[in-house]
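Letters A, B, ... are given to chains in the order of the sequence lines, protein chains preceding strands, and every chain is numbered from 1. Just so you know, these numbers come straight off a predicted model, no measurement behind them.
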Amino acid sequence: MRQTGERLPNDSISYKPVGEAFFKLPTLTLARNLLGCLLVKETEEGIASGYIVETEAYRGPLDQAAHSYNNRRTKRTEVMFAEAGRVYTYLMHTHCLVNVVSGEVGTPEAVLIRAVEPYEGIDLMIKRRGSMAMKNLTSGPGKLTKALGIHMTDYGRRFDEPPIYIAPGFAPEKIVTGPRIGIPNSGEAKNYPWRFWVAGNPYVSK
DNA sequence: AAGTAGATGATCT
DNA sequence: GATCATCTACTTG
């Protein structure tokens, strides 16, 4: 890990995916640890990557806001029951959202990646998003998947090898927590402070 | 700058 | 047929 706040040099980029052990932590810890890490996606169009700056934890059986609440096991949620480090993608309206599966096998928990700070492949992101405004490129869960080229075809893959993986980035100066976004109909769970973000980062969603 | 409305489609009951 | 872990464009000020 780099010094606090320090970004990687932008020349001679080479990524080293994290190991399997990175994911074997309690879900809330993993949601924190993912902040500052790079999310990398390789496609035929090229490589695109960004620093993760906002996440949310979803904790299976306990959590009314989770797709897997009450151990609900369907074709969609199946991968959440697998081992930590797998890719859980699902569709929300017209958008694809991406999660990191966490927790023990059989415990359906995951961390939603809500925002990243663009790092490599910015031209590609602009092309995919059809927008020039930097701050609008990856500042939301549906936006970042489009910018990075993450699709439903990534469902079930692992986050520790190409074409989609997590790599070490920078150490955030300050991490803030608060209630999660967009889950008004989930009873008590809507107040849990399970959203994590890098304080002051302009790419955090609103 | 902030708030609202409408688009949009798979998944599940 | 209801339910969304969203986005964009359009309003208002």
Side-chain angles (χ1 to χ4, degrees), chain A residues 23 26-28 30-32 34-35 39 41 48 50 52-82 84 86-103 107-118 125-156 159 164 166 176-198 200-206:
Chain A
F23 303 102
T27 299
L28 296 180
L30 180 60
R32 258 176 199 281
L34 280 168
L35 295 177
L39 173 60
K41 179 68 198 280
I52 297 170
V53 295
E54 182 181 0
T55 60
E56 282 180 2
Y58 286 85
R59 305 188 57 196
L62 322 162
D63 180 1
Q64 249 182 99
H67 293 153
S68 53
Y69 176 55
N70 222 9
N71 277 316
R72 197 152 53 108
R73 188 165 190 158
T74 64
K75 190 175 177 217
R76 179 172 65 159
T77 62
E78 183 61 34
V79 74
M80 296 179 81
F81 290 83
R86 289 214 181 258
V87 180
Y88 173 39
T89 48
Y90 69 90
L91 293 170
M92 176 60 180
H93 295 78
T94 54
H95 309 283
C96 180
L97 276 61
V98 66
N99 301 247
V100 182
V101 172
S102 65
T107 306
E109 304 189 354
V111 177
L112 170 67
I113 298 174
R114 284 195 59 89
V116 306
E117 171 186 322
M125 298 188 204
I126 290 171
K127 182 179 137 202
R128 285 168 171 160
R129 293 272 297 127
S131 164
M132 286 286 290
M134 270 298 290
K135 65 179 190 319
N136 210 28
L137 236 37
T138 56
S139 55
K143 299 180 193 176
L144 74 90
T145 53
K146 187 166 182 191
L148 296 182
I150 296 172
H151 306 109
M152 285 308 292
T153 49
D154 292 307
Y155 183 97
F159 269 115
I164 182 169
I166 304 293
V176 194
T177 73
R180 294 170 292 179
I181 287 182
I183 51 165
N185 304 318
S186 50
E188 288 298 304
K190 70 167 181 277
N191 299 315
Y192 298 169
W194 288 355
R195 174 173 172 243
F196 302 84
W197 68 97
V198 175
N201 189 284
Y203 294 94
V204 172
S205 72
K206 193 165 43 62

Find the distance [X]:[atom1] to [N]:[atom2] and express it as a whole number of Å.
X	N	atom1	atom2	answer
A:His95	C:dT8	NE2	C1'	8 Å
A:Lys146	B:dT8	NZ	P	13 Å
A:Trp194	C:dA5	CH2	C1'	14 Å
A:Leu91	B:dC12	CG	P	11 Å
A:Tyr58	C:dC4	OH	P	12 Å
A:Arg128	C:dC7	CZ	P	17 Å
A:His151	B:dG9	NE2	P	16 Å
A:His93	B:dA5	NE2	C1'	12 Å

**Request:** Grab the two heavy atoms, one from A:Ala110 and one from A:Ser102, that are nearest each other, plus how far apart they are.
**Result:**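 For A:Ala110 versus A:Ser102, the nearest heavy atoms are N-OG, 3.7 Å.
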**Complete:** For A:Asn201 and A:Tyr203 the tightest heavy-atom approach is OD1-N, 2.8 Å
**Request:** Look only at the side chain of A:Arg72 and the backbone of A:His67, and say whether a donor-acceptor pair between them is shorter than 3.5 Å.
**Result:**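 It does hold such a pair.
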**Request:** Would you check if the side chain of A:Glu56 reaches a backbone N or O of A:Arg114 as a donor-acceptor pair within less than 3.5 Å?
**Result:**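 No; judged by distance alone, with no hydrogens or angles, the pair does not exist.
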**Prompt:** How long is the gap from CD1 on A:Ile113 to CD1 on A:Ile52, to the nearest 0.5 Å?
**Reply:**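 Output value for this atom pair is 4.0 Å.
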**Asked** Starting at the 5' end of DNA chain C and moving along, which residue's nearest nucleotide shows up first, A:Ser205 or A:Met92?
**Response**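 So the residue in question is A:Met92.
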**Prompt:** Name the one of A:Val176, A:Val116, A:Ile181, A:Leu34 that satisfies side-chain contact (heavy atoms from CB on, under 4.5 Å) with A:Glu54?
**Reply:**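 Among A:Val176, A:Val116, A:Ile181, A:Leu34, the one meeting side-chain contact (heavy atoms from CB on, under 4.5 Å) with A:Glu54 is A:Ile181.
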**Message:** Using Watson-Crick or G-U wobble geometry with both distances under 3.5 Å, which nucleotide pairs with C:dC7?
**Reply:** B:dG6
**Message:** Under 3.5 Å for both donor-acceptor distances, Watson-Crick or wobble: does C:dG1 have a partner, and if so which one?
**Reply:** B:dC12
**Message:** Within the 4.0 Å heavy-atom criterion, would you say A:Arg129 contacts the bases, only the backbone, or no part of the nucleic acid?
**Reply:** sugar-phosphate
**Item:** Any A:Arg72 side-chain nitrogen or oxygen under 4.0 Å from OP1 or OP2 of B:dT13
**Value:** yes
**Request:** Tell me whether the OP1 or OP2 atom of C:dA5 has a side-chain N or O from A:His67 closer than 4.0 Å.
**Result:**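 A:His67 to C:dA5 OP1/OP2: side-chain N or O found under 4.0 Å.
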**Message:** Of the options C:dT6, B:dT8, C:dC7, whose atoms approach the side-chain atoms of A:Thr94 most closely?
**Reply:**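 Between C:dT6, B:dT8, C:dC7, the one nearest the side chain of A:Thr94 would be B:dT8.
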**Asked** Where the side chain of A:Leu112 is defined as all heavy atoms beyond and including C-beta, which of C:dA5, B:dG9, C:dC7 is the nearest nucleotide?
**Response**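 Selected nucleotide: C:dA5.
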**Asked** Do A:Lys143 and A:Ser139 have side-chain atoms, one donor and one acceptor, less than 3.5 Å apart?
**Response** yes
**Prompt:** Of all of residues 180-190 of chain A, which get a heavy atom below 4.0 angstrom from DNA chain B, listed by number?
**Reply:**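 Residues of residues 180-190 of chain A that come under 4.0 Å of DNA chain B do not exist, since none gets that close.
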**Message:** Tell me whether the side-chain N or O atoms of A:Tyr90 pair up with the base of C:dA5 as donor and acceptor below 3.5 Å, since no angle test is needed here.
**Reply:**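 Yes.
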